[in-house]
Amino acid sequence: MTDASLNQANRSLTRQLWIFAAGSFAFGFALVPLYNVICDVTGYGDRTKLVQASTFTAPEDVNRTVTIELMGDAPSIGDWEFRPEVGSIEVHPGKLTEAKFYARNLRSQAVVAQAIPSIAPLQATKYFHKTECFCFTPQPFDAQQERELTVRFIVDPKLPVNIDRLTLSYVMYDAKSTS
Amino acid sequence: MAHAHDAHAAHDHHDDHGPAKGIGRWLFATNHKDIGTMYMLFSLLMFFIGGAMAMIIRAELFKPGMQLVDPIFFNQMTTMHALIMIFGAVMPAFVGLANWMIPLQVGAPDMALPRMNNFSFWILPFAFTMLIGTLFVPGGAPAGGWTMYPPLSQQTGEAFPMLIFAVHLMGASSIMGAINVIVTIMNMRAPGMSLLKMPIFVWTWLITAYLLIAVMPVLAGAVTMLLTDHYFGTTFFEAAGGGDPVMFQHIFWFFGHPEVYIMILPAFGIISEIIPTFSRKPLFGYDAMVYATASIAFLSFIVWAHHMFTVGMPLAGQMFFMLATMLIAVPTGVKVFNWTATMFKGSLSFEPPMLFAISFLFLFTIGGFSGLMLAIVPADFQYHDTYFVVAHFHYVLVPGAVFSLMAAAYYWLPKWTGHMYNMKLAKAHFWLSTIFVNVLFFPQHFLGLAGMPRRIPDYSTQFADWNMISSIGGFGFGLSQLLFAYIVFACIRGGEKATDKVWDSGRPQGLEWTLSSPPPYHSFETAPEVK
């Protein structure tokens, strides 16, 4: 190869490789929507399912009992007191059940809170229907105000038989940090 | 040497000049040999800085209870040790080797893009000054682990943006280095050198360079998302805004697993060069080696989630990632068997590079097997985040990648400097390293299986004995490396004159051995003919 044609070849290959690198950078960001699509398709930890009310009804299966463990956390100490009123409840699939959480704003100014739910194990997410939940909307609190928050839910009788215990957990964030 | 230099000058149409004088030779270096030297000396420095951090970790873990450092500083040490060793020691050392050896092995006068080569090296001192500088800012260095998982990494103090930008710079440096390697290999091979006639080290680097371009930008994207979450109100990984911290782990390990092979494929190339030389036989199964390397590179993209089995994923996902991971054992096994077959009935001799290569073969395989154990999902639930994982990846990285680098240094150092090094000391360095590396890391398997978690400064007294042994191995290994530095610098300063072939006996093969030792500053200005 002559010097000129080698320089030309080097330049063109270099350009292609930079485009490849730029494509990889874009691919990193494309993984974000891709990840959400996979969660939606499989129903694992499905975000829309977790934060939207559903109108589910099914006959109660009195022969089966599922233990629901309840958890309430705040991301940093000193902002919130937030806990379930009971640690766990036993329910029959198909039965509408109510659980209550206690929340108190520990700060001396008003705050709007947003609770973020999650369910473990993840594969139970699509069988857990919330008809009403304090996590569907932001919750305003006055300074030092304490409130009782309610969630109503039905466990789908189609819940896989190997699951007899699931955890419903909420983390209480300040809504100002939500987008 | 003078004679060879004159012979080259006769063919030269450009200004033929030796190295520039003074510091300018290094600051404005465009010569692949100078840049390769700087890369390797830089990585040696980082190896000792990262090693000093490891000594602090092992000193704290020498006995149960808190003795020397506070827990936050301990966590800073584990985090910084990993970042410095991966991005500062192992990766630049391989890039330095690529700079030195690829033009010599393919018969090119220099790297294809010498100015970019200079830039990609000189970014590194800035990146690592910034990274190491985090130790001195309020809040201290990053302490949430080198994987930078949110939300923990978001609690890093003022070091946070420095960490992110240091990672960006390292990534930019690696990408430019990789582009240079690919362009050199694709466009500048000597006439007659078809792809399947290339030395195996060149092949492994070609594939590694593609891996780098494919995944370093993904890491850059992931840390950019951390940065915008921290300062610009995005919520990629913040549950409060609808994001998901687990998604960071998926993106990170999509980079992280190919990164593992970025650090081991060039090592495979080095071992594949050294074993034939000292077995006095051609490499067994050259084509199989090339295809095995390519298969490992491909598989590295579809196994990332085995780093995060415990975060919760569908059973089908766990099965897929488990089986794909185990599949990697097949091409890796091909390589191990080919090296063994190369030695079989060979006329072996045991110079320092060969000793390190054989040690690599044994000890890397141990690390490979513990990797297979970790690939088994139900077993991984027990091993996850224990010292078993620490033992596994140190076996593949220290007696794996690092030993291959030492083997490469001992193999090519006489070619680079023109001097033989002190063989007795080098063999002593080998035995000290091999014994202490096992004293250091083998007990960590037991600790992990017994349930000792990683990244903790204190532990239950039941783990005391093996930790003490491991620490003794650590101090021994660390001190032994001072001997390595001494041997290298003594060899640069002088020593018995090396012949062109360096290692007598008809072997070694390859264009680099047709040049004088040391090679002229400008080599292969007229391309050699390869038959």
Side-chain angles (χ1 to χ4, degrees), chain A residues 1 3 5-36 38-39 42-45 47-48 50-51 75-76 113-125 160 170-179, chain B residues 13-14 108 111-113 116 151 155 171-172 174-176 178-188 191 209-210 212-225 233-244 246-248 250-252 254-255 311-317 527:
Chain A
M1 244 194 271
D3 277 4
S5 70
L6 177 63
N7 278 339
Q8 182 54 40
N10 285 355
R11 256 202 299 279
S12 108
L13 183 54
T14 306
R15 194 176 316 117
Q16 289 169 31
L17 292 169
W18 275 117
I19 292 168
F20 182 8
S24 305
F25 187 69
F27 179 73
F29 284 87
L31 286 172
V32 177
L34 205 62
Y35 178 80
N36 291 329
I38 290 169
C39 291
T42 59
Y44 282 77
R47 222 134 270 289
T48 45
L50 283 167
V51 295
S76 52
Q114 172 71 58
I116 304 287
S118 101
I119 289 172
L122 284 176
Q123 56 265 49
T125 308
Y170 290 95
V171 180
M172 193 69 121
Y173 292 98
D174 290 355
K176 64 173 163 47
S177 63
T178 63
S179 55
Chain B
H13 305 294
H14 307 281
M111 295 294 278
L113 311 160
M116 195 162 88
Q155 295 175 21
S174 299
I175 292 164
M176 286 192 282
I179 289 176
N180 222 331
V181 164
I182 295 175
V183 177
T184 308
I185 296 175
M186 296 314 269
N187 289 355
M188 298 182 58
Y210 275 109
L212 276 166
I213 296 179
V215 300
M216 288 308 291
V218 175
L219 174 68
V223 298
T224 305
M225 290 182 224
T234 60
T235 54
F236 287 108
F237 309 126
E238 267 183 49
D244 188 344
V246 173
M247 186 174 71
F248 177 85
H250 281 287
I251 301 174
F252 180 86
F254 183 82
F255 145 80
V311 298
M313 78 179 73
L315 186 63

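Sequence lines set the chain letters: A, B, ... in the order given, protein chains first and strands last, and positions in each chain run from 1.
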With chain A, which of A112(B), A178(B), P314(B) has the greatest number of heavy-atom pairs at distances under 4.5 Å?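 Among A112(B), A178(B), P314(B), the one with the most close pairs to chain A is P314(B).
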Approximate separation, where rounding is to 0.5 Å, of [X] [atom1] and [Y] [atom2]:
{"X": "N187(B)", "Y": "R11(A)", "atom1": "CG", "atom2": "CZ", "result": "12.0 Å"}
{"X": "M313(B)", "Y": "I38(A)", "atom1": "CE", "atom2": "CD1", "result": "11.5 Å"}
{"X": "L13(A)", "Y": "I179(B)", "atom1": "CG", "atom2": "CD1", "result": "9.0 Å"}
{"X": "I213(B)", "Y": "F25(A)", "atom1": "CD1", "atom2": "CZ", "result": "15.5 Å"}
{"X": "N10(A)", "Y": "I182(B)", "atom1": "CG", "atom2": "CD1", "result": "12.5 Å"}

Contacting moiety of Y35(A), where chain B heavy atoms sit under 4.5 Å: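 Contact with chain B is through the side chain of Y35(A) alone.
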Contacts of F27(A) that satisfy side chain to side chain contact (heavy atoms under 4.5 Å, CB included) - sequence neighbours left out: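 Once residues adjacent in sequence are excluded, the partners of F27(A) under the side chain to side chain contact (heavy atoms under 4.5 Å, CB included) criterion are L31(A), V218(B), F254(B).
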State which residues pass side chain to side chain contact (heavy atoms under 4.5 Å, CB included) with T234(B); sequence neighbours excluded, sorted by chain then number.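 Only T228(B), D229(B), F236(B) meet the side chain to side chain contact (heavy atoms under 4.5 Å, CB included) criterion with T234(B).
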Worked verdict on L17(A) versus I175(B) for side-chain contact (heavy atoms from CB on, under 4.5 Å): CA-CA 9 Å; L17(A) 292 169; I175(B) 292 164; over 6 Å; no
What I'd like to find out is whether the side chain of Q123(A) reaches to under 4.5 Å of the side chain of L315(B), using heavy atoms alone.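 Result no, sub-4.5 Å side-chain heavy-atom pair not found.
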Taking side chain as everything from C-beta outward and backbone as N, CA, C, O, which of these in A214(B) sits under 4.5 Å from a heavy atom of chain A? Side chain, backbone, both or neither.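 The answer is both parts of A214(B).
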Identify which part of L212(B) has an atom lying under 4.5 Å from any heavy atom of chain A, answering side chain, backbone, both or neither.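 Answer is neither: L212(B) stays 4.5 Å or more from chain A.
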